[in-house]
Amino acid sequence: MEDLGYDQGHHVLHLEKVKGGGRRKKPVPPTAWDALQIYLDGRTEGWLFQTATGGQLDEPAVWRLLQALVRRAGLPLRGPHDIKGDAIPHALARPDARPDKVQRWAEHKDSRTTQRYNQRKELLDDSPGYVLAASLAGSLQHGAGHSRENPSRKGH
């Protein structure tokens with residue numbers, strides 16, 4: 001419970017890093033925070049997620065809990081790393097996605113690791129050419145009241 005906190009306007013969870021050691025602050029989205037508060041039911045001590053007797057959930061117990069939750073939700077059976085792997089392409093698929101932020105969230109040191117999850121990288125719809133053309137068209141349209149004649153070409 002002492003790993004829950006509040007920082008810069010965000011609810012956070014301080015986590016032990018699996019690779020490299022140390023601790024990492026992760027934001028807890030409002031919907032997840034609300035669900036967590038319902039689960040905790042006012043409890044302020046002990047393990048964040050615990051057994052019915054108040055003990056720490058070991059790894060097999062976390063897997064069993066996760067499998068029960070995904071079955072209840074009607075989702076395919078997935079492990080913790082699989083769920084993280086599902087979240088990466090979901091985040092990258094947003095039109096305003098920032099691959100560098102997704103990479104930091106996923107704690108990938110190398111951007112190529114994050115890009116292996118990017119299912120949109122081959123989609124023609126995502127071509128930067130469209131954004132460039134729209135920007136150029138907007139600039140030309142904005143300058144429509146001005147002469148578009150190139151001064152260096154006068155007299156030709």
Exercise. Determine whether W63 and L15 fall in the same hydrophobic cluster, where Ile, Leu, Val, Met, Phe, Trp and Tyr are linked whenever their side-chain heavy atoms lie under 4.5 Å apart.
Key: no

Quiz item: Does R23 CZ have over 12 foreign heavy atoms under 6.0 Å away?
Solution: yes

Quiz prompt | hydrophobic_cluster_shared for L66 and F49, side chain cutoff 4.5 Å | solution = no

Exercise. Identify the two heavy atoms, one from E107 and one from R24, that lie closest to each other, and give their separation to 0.1 Å.
Key: OE2-CG, 3.3 Å

Self-check item: Given L77, L65, D82, the one that forms side chain to side chain contact (heavy atoms under 4.5 Å, CB included) with V70
Solution: L77

Exercise. Supply the atom-to-atom distance L13 CG to K25 NZ, rounded to the nearest 0.5 angstrom.
Key: 12.0 Å

Self-check item: ILVMFWY cluster, V12 and M1 together (side-chain gap under 4.5 Å)
Solution: no

Self-check item: Separation between CZ of R64 and CD of Q67, rounded to the nearest 0.5 Å
Solution: 11.0 Å

Exercise. Quick one: closest heavy-atom pair of A97 and A91, and the distance?
Key: CB-O, 3.4 Å

Quiz item: Once you round to the nearest 0.5 Å, how far does CZ of R112 lie from CD of Q103?
Solution: 10.5 Å

Quiz prompt | Residue pair L92 / P99: nearest heavy atoms and the distance that separates them | solution = CD2-CA, 3.9 Å

Quiz item: Excluding sequence neighbours, so at least two apart, what forms side chain to side chain donor-acceptor pair (under 3.5 Å) with T113?
Solution: none

Quiz item: Step by step, would you call L4 with W33 a side chain to side chain contact (heavy atoms under 4.5 Å, CB included)?
Solution: CA-CA 10 Å; L4 289 175; W33 183 261; 3.8 Å; yes

Self-check item: Set of residues satisfying side chain to side chain donor-acceptor pair (under 3.5 Å) with respect to T31, sequence neighbours excluded
Solution: none

Can you list, pair by pair, the side-chain donor-acceptor contacts under 3.5 Å of residues 34-48, counting residues two or more places apart and other chains?
unit_1: Y39; atom_1: OH; unit_2: Q50; atom_2: N; d: 3.4
unit_1: R43; atom_1: NH1; unit_2: E45; atom_2: O; d: 3.2
unit_1: R43; atom_1: NH1; unit_2: W47; atom_2: O; d: 2.6
unit_1: R43; atom_1: NH1; unit_2: Q50; atom_2: OE1; d: 3.4
unit_1: R43; atom_1: NH2; unit_2: L48; atom_2: O; d: 3.1

Quiz item: Between Y117 and H108, what is the ring plane arrangement, given parallel below 30°, perpendicular above 60°, and tilted in between?
Solution: parallel

Quiz item: Within a strict 4.5 Å, meaning less than it, do heavy atoms of the T51 and L57 side chains meet?
Solution: yes

Quiz item: Take atom NE2 in H90; do more than 12 heavy atoms of anything else shown fall under 6.0 Å from it?
Solution: no

